[in-house]
Amino acid sequence: MSPQTEAMIREYRDIRERAERLAAPLDEAAFLRRPAEDAWSPGECLEHLNQTAAQYLPQLQEALEAGKEQGRTGTGPFGYGPLGGFLVRTMEPPAKRRMRAPGRFQPVDVPPKAECVARFLSYQDG
């Protein structure tokens with residue numbers, strides 16, 4: 001396994017652990033409580049990430065499969081193109097610029113904490 005792949009696996013494990021640790025002490029009310037009128041609750045943040053994963057992961061999987069079928073593989077290390085690099089720099093914590101999430105990524109109905117967290121964790125497992 002390449003060092004880049006190993007680093008990504010460690011990062012996903014860390015994300016999983018942090019999410020579990022942050023959500024564990026919250027009851028349902030705290031999970032849904034917004035810290036400010038114009039800010040999302042912890043539940044809304046996780047549901048936003050869940051919605052994003054649900055919409056993008058199938059597309060990414062399809063692109064990976066198509067690349068394999070076409071023999072377009074490599075060993076890395078891999079990098080981002082100009083647009084991908086811009087998005088990473090803009091959105092990677094700490095956020096340098098706040099943007100409104102597009103409507104399809106807006107958390108509308110947040111499921112119960114256990115369900116929302118379990119779904120998030122499952123996306124980290126790939």
Side-chain angles (χ1 to χ4, degrees):
M1 188 177 308
S2 76
Q4 188 177 25
T5 301
E6 289 175 358
M8 289 179 74
I9 289 170
R10 281 193 306 274
E11 190 171 331
Y12 278 107
R13 286 184 183 144
D14 182 53
I15 289 168
R16 255 185 142 275
E17 291 170 10
R18 286 184 4 226
E20 288 178 301
R21 189 174 59 247
L22 291 169
L26 303 177
D27 61 18
E28 291 293 331
F31 188 66
L32 296 175
R33 186 176 305 118
R34 290 179 166 194
E37 189 176 313
D38 63 340
W40 286 351
S41 69
E44 288 171 317
C45 290
L46 274 187
E47 186 56 21
H48 161 71
L49 295 172
N50 288 340
Q51 288 175 275
T52 302
Q55 292 185 43
Y56 280 121
L57 287 180
Q59 293 176 30
L60 291 171
Q61 189 63 41
E62 187 177 307
L64 288 170
E65 294 302 322
K68 286 179 188 175
E69 288 174 11
Q70 297 168 14
R72 298 176 70 191
T73 61
T75 57
F78 301 101
Y80 299 106
L83 179 59
F86 169 76
L87 291 172
V88 168
R89 286 188 307 277
T90 302
M91 295 182 196
E92 193 169 57
K96 288 137 189 89
R97 177 186 298 177
R98 295 185 60 91
M99 294 182 244
R100 285 190 56 80
R104 65 186 178 150
F105 300 124
Q106 293 277 336
V108 178
D109 294 320
V110 178
K113 178 182 119 174
E115 181 182 333
C116 188
V117 172
R119 190 168 159 220
F120 177 80
L121 297 176
S122 73
Y123 284 127
Q124 304 316 302
D125 293 338

Min side-chain heavy-atom separation Pro42-Leu22 under 4.5 Å: no

Side chains of Phe31 and Pro112: does their closest heavy-atom pair fall under 4.5 Å? no

Leu49 and Tyr123: CA distance, side-chain angles, deciding distance, side-chain contact (heavy atoms from CB on, under 4.5 Å) verdict: CA-CA 9 Å; Leu49 295 172; Tyr123 284 127; over 6 Å; no

Given side-chain contact (heavy atoms from CB on, under 4.5 Å), test Gln106 with Arg100 step by step and report yes or no. CA-CA 9 Å; Gln106 293 277 336; Arg100 285 190 56 80; 3.8 Å; yes

Name each donor-acceptor pair under 3.5 Å that joins a side chain in residues 53-62 to protein atoms two or more places apart or in another chain, with its distance.
unit_1: Gln55; atom_1: OE1; unit_2: Arg104; atom_2: NH1; d: 3.2
unit_1: Gln55; atom_1: NE2; unit_2: Arg104; atom_2: O; d: 3.1
unit_1: Gln59; atom_1: NE2; unit_2: Gln55; atom_2: O; d: 3.3
unit_1: Gln61; atom_1: NE2; unit_2: Glu65; atom_2: OE2; d: 3.0

Quick one: ring-ring contact (aromatic ring centres under 6.0 Å, His included) pairs with a partner in residues 4-24, sequence neighbours left out? none

Mind jotting down which residue pairs meet the salt bridge (charged side-chain N to carboxylate O under 4.0 Å, His left out) criterion with at least one end in residues 14-23? Sequence neighbours excluded, please. Asp14-Arg18, Arg16-Glu20, Arg16-Asp125

Summary of side chain to side chain donor-acceptor pair (under 3.5 Å) pairs that have at least one residue in residues 28-46, sequence neighbours excluded: Arg34-Glu44, Ser41-Glu44

First locate atom [atom1] of [X], then atom [atom2] of [Y], and finally report the distance between them rounded to the nearest 0.5 Å.
X	Y	atom1	atom2	value
His48	Phe120	NE2	CZ	10.5 Å
Leu32	Leu26	CG	CG	10.0 Å
Thr5	Arg10	OG1	CZ	10.5 Å
Arg119	Asn50	CZ	CG	4.5 Å

Would you confirm whether Lys113, through its side chain, and Gly43, through its main-chain N or O, come within 3.5 Å as a donor-acceptor pair? no

Output all residues satisfying side-chain contact (heavy atoms from CB on, under 4.5 Å) with Leu87, sequence neighbours left out; order by chain, then residue number. Leu83, Met91

Let me have the donor-acceptor pairs involving side chains of residues 73-81, under 3.5 Å, with sequence neighbours excluded, atom names and distances please.
none

Val110 with Phe105, same ILVMFWY side-chain cluster at under 4.5 Å: no

